[in-house]
Amino acid sequence: MTIDKNFDPAAIEAKWYSHWEDTGAFRPERGDAEPYTIVNPPPNVTGSLHIGHALDNTLQDILIRHARLQGKDALWVVGTDHAGIATQMVVERKLNEQQDKRTNYSREDFIAKVWEWKEESGGQITKQLRRLGCSMDWENERFTMDEGFSKAVIKVFVDLHKEGLIYRDKRLVNWDPGLKTAISDLEVETKEINGKFWHFSYPLEDGSGAISVATTRPETMLADMAVAVHPDDERYADMVGKNVKLPITGRLVPIITDEHADPELGSGAVKITPGHDFNDFDVGKRAGFVPAEMLNMLDAEGRVVQTSDGLIPEEFIGLYRFGKEGEKTNARKKVVEMIEAAGLLENIEDRVIQTPFGDRSNEVIEPWLTDQWYVDAETLAKPAIDAVRNGDIDVVPKTWEKTYFNWMENIQPWCVSRQLWWGHRIPAWYGPKIEDGYTQKAASTVTDFVPEVFVAANEEEAIRVATDAYRKKGGLLEEQFVRVVQSQDEMFAESQPAIWQDNDVLDTWFSSALWPFGTIGWPEQTKELERHYPNDVLISGFDILFFWDARMAMQGLHFMKEVPWKTLYLHGLVRAADGSKMSKSKGNTVDPLGLIDKYGADALRFFMAAMESQGRDIKMDEKRVEGYRNFATKLWNAARFAQSNGISASKTLAAPKAELAVNRWIIGETQATLDKLNKAFEELRFDGMADIVYHFAWDQFCDWYLELIKPAYVDGEQQDMDGESQLVAGWVLDQILVMLHPFMPFITEELWHEMGTRSYDIIHAKWPAPRANVDTDASAEIEWLIKLISGVRSAKNELGIPPGTKMNAFARETSDATTARLKNQSAAIARIARLENVSLDDAPDGGSIQLVVDEATFVLPLEGVIDLDAEHARITKAIEALSKEVAGLEGRLGNANFVERAKPEAVEKARSDHAEKAAEVEKLQAALARLG
RNA sequence: GGGCGUAUAGCUCAGCGGUAGAGCACUACAUUGACAUUGUAGGGGUCGCAAGUUCAAUCCUUGCUACGCCCA
C-alpha cells in the first residue's frame, strides 16, 4: 500500500462514509459504556443542506465522534420534521403547476399526496448530511409524523388537556390571510412600513358636536365599537358617556375612558375595534364586551363580511381589507372616499407604521377573533426557568441566559392550532351542548354554535368519552351510542347523536418540542429512554432558542421531570462574506455542497470548527476553507513522507520508550497538546480545538519534528531513519490522526488505514491517553536547537546569503550543557542549520555573522561574503529592540510601587527577564565590538 | 423604549491585568530531496473614543460613538 501522490478528497469521502454506514460504525454495540447523547435538530423534510446546517451539524459530529473515541455509547439521534406549513406549501405549489389545487381533493387524498411527495422527494437533506460526514444513527432515523412519534404527540396533547394546561379559547389570534391559518406570536415579524395616519371626525349622536379620531387602519372603522379617551383628559370629560354615530355604518358607539388612549397622540381620542386590534381587544374587554360580542368584519382571506349587527353597507361586502398587488378591491380606499365625501376627513399624515407580517407568507397579519387551542406556557415555563437558574441546564455562552429569562418570564399563551391539513390532527372531538339538545336542527344557530369538547387519544376513545358524558347528563338512552361524522353540518342534518373531529393540526414546534424523548421510546419506558435522557448537549442556532429550545425545556421537564439536556450550546449565524445575512432572495447564499466539491468535506468542517468562537456570528471566508484544504494536503504529504521512511502504524497506545532528545521532546509536546485539546473540549471551545491540533500537526510535527528526524543524504542517497524515531513518529502520527478525526473524519480514516494494518477503524480508535511526562531537559535541548537554527536562517536571510550556503561556526563562552547539546545535535545542526562544523576554538579574524543563543555566542565567518555593514546594522537593530525591552523592565523594577505591590511572581519574572535580556545585550555589544 | 452583542494587523478573527497573536493577503529569498495546495525569513497594530480603578489597562468599571441582532 502506497499513499497516492495526490490528495483527492472526493475519492475517499464516499468510500469511507458508506463503509461506516454499512458496518454500523455510527452505533457500535456498547451497552455497558457510559452513554453520550445528542439529538439533531430535525431539519425540515422539504429542506436542503444550507451553510447553517453545515455549521450546526459539524459541531455536533465533532462532539459525537469525540465521545465515541472516548469509548462512550455515543448516540446521535437523527430525523426530519414534517414542517407543516412549509411542506403543505411545497405540495400545493406542485399542484398549482399542474393547474390543480388542494381543495380539489379530500383531506385524506391530499395528505396521501403529501406522503407520496415525502417518499419521493423529501429528506434530500439526509443524503447531504452524509456528505458532510455526519455520524448519525441512521438505522433509527425518525420523522415527526412517524407512528411512534405521533403517538407521543397525541399523548402530550391529551395529558396537557387533562391537566388544564391546554385549552380552547376565543380570542384574537395572529391570522395569516395568505395561508389562512392562525400562527403564533413567534411567527410574526414586525416591520416598519411607510403608511398614513388618517384623521376622521366622528359626529356625536346628539348633534352637539364631533370627536376627532386618528387611525392607521381606516377600514376597520366598519367594526368600531367605541371611542376611547384618557380618563384624565379634561378636553373630553363632558363627552364621556355620550354616543358617537359612526359614519357609513351609522352604528351608535359609546365614548369611553381607557388608559390606552394617549392624550399626546393625534387628538387624544382613539377608535376602538376590539375584533381587529390587540390593544383594542383589551380595551373592549375592560369596557365590558365579551369576546363573543366583539364585531368581526373580515373573512379568512381578509375580505369584508357583514358584522352581526348587519350595519355594513352592502357595497362593502367582499372587498379586500386594503389594496395590494393582485387585489382589485379595496375597502380602505372606499372608506376614506366615503368619509371624505361626507366632509368628515380632517387630514392625512405620512407615518411609519409598525406592521406585523407572517414570517412564511409575508402577508400582513390580521388580528382575528377565532377559537383556537392554547398551551398554558406560563405554567410550563416556570420549571424551565428554574432549571437554567439553578444550573441543571448550562447555557453556553452564558450571555444567552438573559434573553432566555426575559422571554420565558413574559411568555404568552401559545397558540398551537393551525388551519392546515398536513400535520398532527388535533385529538379533539366536538358534539352538541347537551342543554341545546343534540338533535337540534336550527340552522341559523349553527354559526354561533358552542360545542361540547372531548379530547381523546383516538376516535374509539372519543366515542366512549362522549357517550359516557352524554349519558351522565341524561341526554342519551342506555342503548344509544355516539357516532362520528365529518362535520357539525352533518350532525345537524341528521337527528342522531354524533361527534366530529377538530379539523386543525398542531403547530410543528409543538411536536418537535418532544424530540429529546419522543425519539428514544417515550411514552414507552424503554431502556434507550432511560440511558439517553437527559441528552448531554443540545447544539442549536440562537435563532430557534424560543421556537424550539425553550419549548423542549418546558415539555421535557413536564413529562420527564428532568431537563432535556445538561448543556445548551447556542451558536451564531453563518453570514455572507460582507457580513450580511444569507438569503435566497438576496442570492448571496453559499452552498456547502459546492464547498465540499471544491475543497472536501474535511476542509469545510475544519473551517466551521475553527471559526466557531462562542457568541459570535461567522462570516463566510472561502480563503480559509481553502487554507484548511491545504492543511489536509499537508497532513497527507506528511503521511506519505512517513511511509517512505519506514514509519508505520503504531503498535502501542502508550508512547514508545525513547532515548533521543528529539523523540522525548515530541512525546512531551503530544501530551501537552492533548491536555490543551481536552480542556478545549470541556469548555466547548471549537475554535480552540481546531487551533491546537492545527498548529501541533503543522508547526511542531511537520515543520520541526519531521525535519529533525529526516535522515541525511549521503552521495545522493537518503539514509535509513533510525528505528526509535520510526516508532515514535508512527506513534505521534497516530495520535494526530485520532485527535484530528472528529474534525476531519475522512482523511484521517484513509491515512489510518494507509499507514498499516489496523484491527479497527479510526472511528472506533481510542482517544489518546499517553500519560507521558514532559521531559524538561529534552524540551530545553530541542528549544535551544530551534533557536539556533532559526537564528542562523534569519541572519543569512537578512544578510542576503543564500540559505543553502554551508558555513562553519566557532562557539564562544559555551556552558557544558551547550557543549553537550552541540555534540548531541551535530547531525541536525549540520543538515538543517547548514553548520558543518561547530568548533569551540577562537574564531579567525575577518567578517562573520555573530549569533547570541542563551549564554553562548556563535561566530560564523565567511570570508568575502559577509557584508560587514549589513551585519553591523543587523546586530545594532537587535540591540535596539532588546534595549527597549530592558529599559521598560528597568523602569518597572525601579518603581518602588511595583516592587512592593505587584504580585511576587510578576516581580520575579521581571527580574529574570531583565537579567536575561541585559546579558544578551552585552553579548551583542561585544559581538559588535569584535566586528570592528 | 428595553435587552444583548460587536469594535484588535489590509481582510477574517483569537487573546489577555504585566505594552499583542493566528490564517489569508503583502515583501524577499529558496526548489533533483514528503509537500508550490510548499519551505525560510520579514514588514505591518497609539487593541473605536474619553474618563475612572490599579504599581500596571487592549483586558476591569462608567460614559460616548459606530455597527448588528432580539423583544415591545
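A note on names: the letters A, B, ... follow the listed sequences, proteins ahead of strands, and every chain is numbered from 1.
Nucleotides B:G2 and B:G21 are separated by 41 Å at their P atoms, to the nearest Å. Comparing B:U19 with B:C55, their C1' atoms are spaced 15 Å from each other, to the whole Å. Rounded to whole Å, the separation between the P atoms of B:G52 and B:C4 comes to 26 Å. Atom C1' of B:G17 sits at a distance of 10 Å from the matching atom of B:U58, rounded to the whole Å. With both ends at atom P, the span from B:U61 to B:U6 equals 12 Å, rounded to whole Å. A gap of 8 Å separates the C1' atoms of B:C47 and B:A20, to the nearest Å. Here, B:G48 and B:U54 have their P atoms 23 Å apart, quoted to the whole Å. Taking atom C1' in both B:U38 and B:C70, one finds a spacing of 47 Å when rounded to whole Å.
Note that the CD1 atom of A:I544 and the CG atom of A:L570 stand 9.0 Å from one another [nearest 0.5 Å].
One interatomic measurement links the two molecules: CD of A:E612 to P of B:G15, which rounds to 12 Å at whole-angstrom precision. If you measure from atom CG of A:L573 to atom P of B:U12, you get 17 Å, rounded to the nearest angstrom. When the P atom of B:G5 is taken as reference, atom CG of A:D543 falls 18 Å away, rounded to whole Å. The NE2-P distance, from A:H695 to B:G15, rounds to 15 Å in whole Å. The nearest whole Å value for the distance from the CD atom in A:Q614 to the P atom in B:A14 is 11 Å. Atom CZ of A:F606 is separated from atom P of B:G23 by 12 Å (rounded to the nearest Å). Here B:G23 presents its C1' atom at 15 Å from CD of A:E622, a figure rounded to the nearest Å. Distance CG (A:D621) to C1' (B:G23): 9 Å, rounded to an integer number of Å.
Taking only side-chain atoms of A:M611, from C-beta outward, the nucleotide of B:G5, B:U12, B:C55 with the closest atom is B:U12.
Counting only residues at least two apart or on different chains, the salt bridge (charged side-chain N to carboxylate O under 4.0 Å, His left out) pairs with a member in residues 784-797 of chain A are A:K787-A:D854. Sorted by first then second residue, the salt bridge (charged side-chain N to carboxylate O under 4.0 Å, His left out) pairs that include residues 898-909 of chain A, not counting sequence neighbours, are A:K909-A:D913. Counting only residues at least two apart or in different chains, side chain to side chain donor-acceptor pair (under 3.5 Å) contacts with residues 595-613 of chain A comprise A:D61-A:R605, A:R131-A:D597, A:Y569-A:E612, A:K598-A:E622, A:Y599-A:E622.
Between A:K619 and B:U12, a side-chain N or O to OP1/OP2 separation shorter than 4.0 Å is present. Distances shorter than 4.0 Å separate none of the side-chain N or O atoms of A:R624 from OP1 or OP2 on B:C11.
When every heavy atom of A:T748 is checked against every heavy atom of A:L737, the shortest pair comes out as CG2-O, 3.4 Å. Nearest heavy-atom pair, A:M620 versus A:V625, reported as atom, atom and distance to 0.1 Å: CE-CG2, 3.7 Å. Between A:V270 and A:A261, the shortest heavy-atom contact is CG2-CB, 4.1 Å.
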#### Entry: Contact state string [nucleotides 33-42 of chain B, B base, S sugar-phosphate only, - no protein heavy atom under 4.0 Å]
BBB-BSSBSS
### Summary
Reading nucleotides 66-72 of chain B from 5' to 3' and marking B where a protein heavy atom lies under 4.0 Å of the base, S where only the sugar-phosphate is that close, and - otherwise, the string is --S----
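Judged by a 6.0 Å distance limit and a 45° cone about the ring axis, A:R892 is positioned over the six-membered ring of A:F898. Remark: A:K634 is not positioned above the aromatic ring of A:F701, lacking an NZ or CZ atom under 6.0 angstrom from the ring centre and at most 45 degrees off the axis.
Ring pair A:Y694/A:F631 is tilted by interplanar angle, where 30° to 60° counts as tilted. Taking the six-membered ring for Trp and thresholds of 30 and 60 degrees, A:W407 and A:F546 have nearly parallel ring planes, at less than 30 degrees apart.
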### Message
What verdict does the side-chain contact (heavy atoms from CB on, under 4.5 Å) test give for A:M582 and A:R575, after you've listed the backbone C-alpha separation in whole Å, the side-chain angles of each residue and the deciding distance to 0.1 Å?
### Response
CA-CA 6 Å; A:M582 282 191 199; A:R575 297 179 168 277; 5.9 Å; no
### Message
Please determine whether side-chain hydrogen bond (donor to acceptor under 3.5 Å, both in side chains) holds for the pair A:S540 and A:D549, giving the CA-CA distance in whole Å, both sets of side-chain angles, and the decisive distance to 0.1 Å.
### Response
CA-CA 8 Å; A:S540 114; A:D549 308 348; 2.7 Å; yes
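Note on A:M620: nothing from the nucleic acid sits closer than 4.0 angstrom, heavy atoms only. Using a 4.0 Å heavy-atom cutoff across all strands shown, A:R831 reaches no nucleic acid atom at all.
Interface remark: the A:R616 side chain does not form any donor-acceptor pair with the B:U6 base, using a distance-only criterion of under 3.5 Å.
Positionally, the nearest nucleotide of RNA chain B for A:G615 lies more toward the 5' end than for the other of A:R901 and A:G615.
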### Query
RNA chain B in dot-bracket, Watson-Crick or G-U pairs under 3.5 Å, [ ] crossing, | other strand?
(((((((..((((....[..)))).(((((.......))))).....(((((..]....)))))))))))).
